[in-house]
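What follows is a set of notes on a single structure, which appears directly below.
Reminder, nothing fancy here: chain letters follow the sequence lines and each chain counts from 1. If you're wondering where the values come from, they're calculated on a predicted model, not measured in any experiment.
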Protein chains: 2
Amino acid sequence: MNRQATPSGGLDDFDLKILAILQRDNATPQREIGKAVNLSAPAVQRRIRRMEESGVIAANVAVVDPDKVGRPITVIVEIAVESERVDLLDAAKASFAAAPEVQQCYYVTGEADFVLVVTVASMAEYEALTRRLFFANPNIRRFRTLVAMDRVKAGLTVPLA
Amino acid sequence: MNRQATPSGGLDDFDLKILAILQRDNATPQREIGKAVNLSAPAVQRRIRRMEESGVIAANVAVVDPDKVGRPITVIVEIAVESERVDLLDAAKASFAAAPEVQQCYYVTGEADFVLVVTVASMAEYEALTRRLFFANPNIRRFRTLVAMDRVKAGLTVPLA
DNA sequence: CCCCTCGCGATACAAACTTGCGCCAACTGA
DNA sequence: TCAGTTGGCGCAAGTTTGTATCGCGAGGGG
């Protein structure tokens with residue numbers, strides 16, 4: 001085991017460099033990655049596979065521009081619940097997670113209980129979503145809507161080392 | 001022009017189906033995509049290329065699990081500014097966008113002016129970030145921190161049609 | 001001191017992508 | 001109505017890319 005100086009997760013510097021490249025563009029040929037990190041293509045391939053199997057790489061996806069597919073509106077929603085009973089929270093989580101308009105959902109501490117990032121085609125659609133997800137759930141005490149005027153930055157990139 | 005019934009963007013049903021697949025897994029072979037949508041592999045390839053060039057597909061990336069690379073903490077930050085002067089807002093946007101810990105940044109209407117999604121390794125790192133991004137900027141009036149206890153759902157998937 | 005294990009590099013193979021070509025359908029304008 | 005034009009599809013060949021196998025060298029433990 002010569003994977004040296006691994007601060008966490010069993011990843012060495014090679015893995016981190018490969019991840020950084022894949023995070024930016026996962027269509028990069030393995031040979032090119034190998035050249036960039038001074039490793040052979042098969043070695044790169046083995047490391048990628050290992051990271052996919054271990055879940056370090058959770059998915060390989062295409063990022064779609066919401067504006068270009070008729071979904072120009074992003075809203076952030078803060079939600080406060082009545083009761084923090086586990087079953088009720090789980091039900092809320094499940095309903096949020098099941099909605100395709102909900103890109104992201106975080107259960108948080110602080111003045112709110114949930115924060116949602118939602119993509120919709122129109123405010124009418126958002127209004128319909130509020131009925132379906134919020135007003136229909138008696139455990140939701142109130143929610144606060146913040147409409148995004150500018151999507152300054154939107155990604156899932158994780159800083160590496 | 002037989003691209004029929006295109007509600008927006010010049011995309012037909014084939015394109016949308018292809019997008020739906022690529023959004024879930026962009027390593028899917030084109031041949032397999034072709035079989036799924038009843039098109040030949042080259043046709044799929046042409047459509048993908050066109051969508052990449054037109055920006056419908058903004059990027060092809062690997063999604064990295066933050067937990068697995070030593071960044072277990074996600075926080076949502078709401079920021080209120082003093083002045084809405086354009087140059088000051090742009091400066092703030094630029095500073096947020098430049099920070100690698102900031103995954104997402106939205107400029108919003110409502111009680112807050114910005115919403116940030118931030119990934120950090122520890123609260124100490126977050127504290128350092130607040131100094132660097134918030135306290136160092138006199139135009140930031142106040143900020144509210146919501147620490148995520150559960151990342152219920154986190155993606156960039158856009159609902160299609 | 002030797003053996004065992006593990007990872008890397010090189011090569012060979014298989015699969016996927018990419019390109020060029022001919023065909024067909026739909027739109028345009030006379 | 002009909003010819004011209006445009007744009008997309010499928011097929012097949014060429015090329016790139018990904019994948020498996022082998023042997024080698026470097027630690028670690030018996």
Response to the item:
Given protein heavy atoms under 4.0 Å, the one-letter contact record of nucleotides 14-21 of chain C, with B base, S sugar-phosphate only and - none, is simply --BSSB--
Please set out all donor-acceptor pairs under 3.5 angstrom arising from side-chain atoms of residues 29-43 of chain B, sequence neighbours excluded.
unit_1 : atom_1 : unit_2 : atom_2 : d
Q30(B) : NE2    : Q45(B) : OE1    : 3.4
S40(B) : OG     : A43(B) : N      : 3.4

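The CG atom of N26(A) sits 14 Å away from the C1' atom of dT17(D) (whole-angstrom rounding). Rounded to an integer number of Å, the gap from CE of M51(B) to P of dG8(D) is 13 Å. For L39(A) and dG7(C), the CG to P distance is 13 Å, given to the nearest whole Å. Spacing between atom CD1 of I48(B) and atom P of dC9(D) amounts to 12 Å, rounded to whole angstrom units. Rounded to a whole Å, the NZ atom of K35(A) is 15 Å from the P atom of dG9(C). The CZ-C1' distance, from F14(A) to dC6(C), rounds to 16 Å in whole Å. Straight-line distance from the CD1 atom of I33(A) to the P atom of dT16(D): 18 Å, rounded to whole Å. Taking atom CG of N38(B) as the reference point, atom C1' of dC9(D) lies 13 Å away to the nearest angstrom.
Under a 3.5 Å cut-off, the side chain of Q103(A) and the backbone N or O of L156(B) do form a donor-acceptor pair. Side-chain atoms of K93(B) do not come within 3.5 Å of backbone N or O of K153(A) as any donor-acceptor pair.
Taking the centre of each ring, F114(B) and Y106(B) stay at or above the 6.0 Å mark. The distance between the ring centers of F96(A) and Y107(A) does not fall below 6.0 angstrom.
For the 3.5 Å distance criterion, the side chains of R151(B) and T74(B) qualify, holding a donor opposite an acceptor. For the residue pair N26(A) / N60(A), a side-chain donor-acceptor distance below 3.5 Å is found, with atom types taken as modelled.
Five base pairs at each end of the helix from dC1(C)-dG30(D) to dA30(C)-dT1(D) define two local axes, and these are offset by 30° (rounded to 10°).
Of the charged side-chain nitrogens involved, none lies within less than 4.0 Å of a carboxylate oxygen, so that R71(B) and E101(B) do not count as a salt-bridged pair.
Tested against L19(B), the residues I48(B), I57(B), V158(B) include a single side-chain contact (heavy atoms from CB on, under 4.5 Å) partner, I57(B).
Of the candidate nucleotides dC8(C), dG9(C), dC9(D), dC9(D) has the atom lying nearest to any side-chain atom of A43(B).
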